[in-house]
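Below is one structure, written out as structure tokens; comments come after it.
Atoms within each ligand, like the ligands themselves, are counted from 1 in listed order. Position 1 is the first residue of the sequence; numbering continues from there.
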Amino acid sequence: MPAPVPAPAPADVTVDVRLTPTDLRAALRRDARVGLTATPKWMPPVWFYDDRGCALYDQITRLPEYYPFRTEQLLLEEVAEQVVKVAGSEVLVELGSGTSEKTRLLLGAMDRVVGVRGYVAFDVAEATLRSAATAVSQDFGIAVHAIVGDFHEHMAAVPDGGRPRMVAFLGSTIGNLDRDQRRGFLAELQSLLGEDDRFLLATDLVKPVDRLVAAYDDAAGVTGEFNRNLLHVLNRELDADFVPDEFEHVARWNPEGSCIEMRLRSRQPATVALPVLDLAVEFEAGEEMRTEISTKFTPEQVGRELDEAGMAVVDTWTDPAGDYLLTLARPVRGGG
Ligand code: SAH
Ligand code: AVI
């Protein structure tokens, strides 16, 4: 997302910008034209994450209802050393790294067990990425390579450091990809892994619907603000005239897709102008636009999707309640 002029990176931080603010604006125009003229309307979740969206996600992670972040953090506190021992990696690569908060548990464990040689952080949110990279470099005394990019398009920018790498995809962010996107993402990732590289995948597991819905429709309304942030981004970047408060936050379980769907429902009939696209978009009263899916997995499904992509499960770890799963996988040559 467009960021204020960034402060120069410290010596041990390199920043590789594969997605400039101009590229991002072009991609947003493309997505808005496709998604807002489709029936039903939809937008990809990547557009939540401008600076305000990142800050709202950070607030979500502290909400009592939002168990995934806390559960993953507690699980990593428990098993990070085991994960690192089994993986034997010296470099950590993280996709969708955000503030790199839980990453610190993996880096600390690597430091103790094998010695950490470097950290590659990859995210679309430039300002958040830059400040996380600087903080990690200073706190761990390691070189950090930050890549501003879209993991659907720029994964090949991840450097091959010549040492065994562990590519981590935390937060159950893979759940925000639909089945086809997951297929493409996992296949591309597999093709980038060397024989000694490992993939650490975090996934949220299926559980009773009331808990799932509460996690995405919190009492304080933070998730609603996060959802409506998309409209603020469209207003700012495309000069659109959405009235965000006229759109109600909806979080609903979709049993066929095994996912929570977040939607924005127009309270009234509305015509929204997007002059940059020379487009006017009509909403009927009660019309919903899908803004995110958050897939909930079974361990078998995770294993199947990895297998289809040419990866074999090396080990798995779950929390005592069985809410969350960490899977370590290795590439199987000739697979995928
Ligand atoms: N890994 C962190 C953050 C998860 S929030 C955690 O576990 O808490 C999802 C992160 O993925 C955000 O930082 C967002 O900016 C990033 N993200 C979302 N879509 C992306 C994309 N297409 N390419 C790169 N980063 C993306
Ligand atoms: C980043 N991602 C895994 C979060 C999730 O749970 O799907 C984003 C989020 N959406 C609403 N609350 C949190």
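- Ranking protein heavy atoms by distance to atom 26 (C) of ligand 1, first place goes to F151 CE2, 3.4 Å.
- No hydrogens or angles considered: nothing links the side chains of S266 and E287 as a donor-acceptor pair under 3.5 Å.
- In this structure, the protein non-hydrogen atom closest to atom 10 (N) of ligand 2 is E292 OE1, 2.8 Å.
- Between R130 and E126 there is a salt bridge, with a side-chain nitrogen of the basic residue lying less than 4.0 Å from a carboxylate oxygen of the acidic one.
- Salt bridge absent: E246 and R267 never bring a charged side-chain N and a carboxylate O closer than 4.0 Å.
- By the 3.5 Å distance cut-off applied to N or O atoms, E72 is not counted among the residues near ligand 1.
- At a 4.0 Å heavy-atom cut-off, ligand 1 touches T173 through the side chain alone.
- Between the CG atom of L201 and the CG atom of L325 there is a distance of 7.5 Å, given to the nearest 0.5 Å.
- The contact set between ligand 1 and V46, taken as ligand atoms under 4.0 Å from a residue heavy atom, comprises 19 (N), 20 (C), 21 (C), 22 (N).
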Donor-acceptor pairs under 3.5 Å, side chain of residues 30-39 to any protein atom, not counting sequence neighbours: which ones?
{"unit_1": "D31", "atom_1": "OD2", "unit_2": "W47", "atom_2": "NE1", "d": "2.8"}
{"unit_1": "R33", "atom_1": "NH2", "unit_2": "L277", "atom_2": "O", "d": "3.0"}
{"unit_1": "T37", "atom_1": "OG1", "unit_2": "R33", "atom_2": "O", "d": "2.5"}
{"unit_1": "T37", "atom_1": "OG1", "unit_2": "V34", "atom_2": "O", "d": "3.4"}

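- The closest non-hydrogen atom to atom 25 (N) of ligand 1, taken over V124, L170, D50, L76, comes from V124.
- Among protein heavy atoms, the minimum distance from atom 2 (N) of ligand 2 is reached at N176 OD1, 2.9 Å.
- The atoms of ligand 1 that sit less than 4.0 Å from any heavy atom of G149 are 23 (N), 24 (C).
- Smallest separation of non-hydrogen atoms from E305 and L186: O-CD1, 3.9 Å.
- When each atom of ligand 2 is checked for a heavy atom of S172 under 4.0 Å away, the hits are 3 (C).
- Here the protein heavy atom with the shortest distance to atom 1 (N) of ligand 1 is G96 O, 2.8 Å.
- Numbered from 1 in the order shown, with element, the atoms of ligand 2 that lie under 4.0 Å from a heavy atom of Y66 read 4 (C), 5 (C), 6 (O), 12 (N), 13 (C).
- Ranking protein heavy atoms by distance to atom 22 (N) of ligand 1, first place goes to D150 OD1, 2.9 Å.
- For ligand 1 and G98, the ligand atoms under 4.0 Å from any heavy atom of the residue are 13 (O).
- Closest to atom 8 (O) of ligand 1, if we only count protein heavy atoms, is Y57 OH, 2.8 Å.
- Under a 4.0 Å criterion applied to the non-hydrogen atoms of S294, ligand 2 contributes the atoms 5 (C), 6 (O), 7 (O).
- The distance from ligand 2 to the heavy atoms of G171 drops below 4.0 Å at these ligand atoms: 3 (C).
- Every atom of ligand 2 with a heavy atom of Y49 under 4.0 Å away is listed here by number and element: 1 (C), 8 (C).
- Close contacts of ligand 2 with T173, meaning ligand atoms under 4.0 Å from a residue heavy atom, involve 1 (C), 3 (C).
- Numbered from 1 in the order shown, with element, the atoms of ligand 1 that lie under 4.0 Å from a heavy atom of G171 read 7 (O).
- Salt bridge D180/R183: present, at least one basic N to carboxylate O contact under 4.0 Å.
- The contact set between ligand 1 and F69, taken as ligand atoms under 4.0 Å from a residue heavy atom, comprises 8 (O).
- Figure legend: cation-pi geometry between R265 and F247 absent, as NZ or CZ is not positioned both under 6.0 Å from the six-membered ring centre and within 45° of its axis.
- Of all atoms in ligand 1, listed by their number and element, those nearer than 4.0 Å to a heavy atom of H152 are 22 (N).
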Taking distance alone, no hydrogens or angles, what donor-acceptor pairs closer than 3.5 Å link side-chain atoms of residues 78-86 to residues at least two apart or in another chain?
{"unit_1": "E81", "atom_1": "OE2", "unit_2": "R112", "atom_2": "NE", "d": "2.5"}
{"unit_1": "E81", "atom_1": "OE2", "unit_2": "R112", "atom_2": "NH2", "d": "3.1"}
{"unit_1": "Q82", "atom_1": "OE1", "unit_2": "W317", "atom_2": "NE1", "d": "3.0"}

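- Heavy-atom proximity to K102, at under 4.0 Å, picks out these atoms of ligand 1: 6 (C), 7 (O), 8 (O).
- For F226 and F48, the gap between ring centers is short of 6.0 Å.
- Interface of Y216 with ligand 2, defined as ligand atoms under 4.0 Å from a residue heavy atom, comprises 5 (C), 6 (O), 7 (O), 10 (N), 11 (C), 12 (N).
- Residues F199 and F169 place their aromatic rings such that the two centres sit no closer than 6.0 Å.
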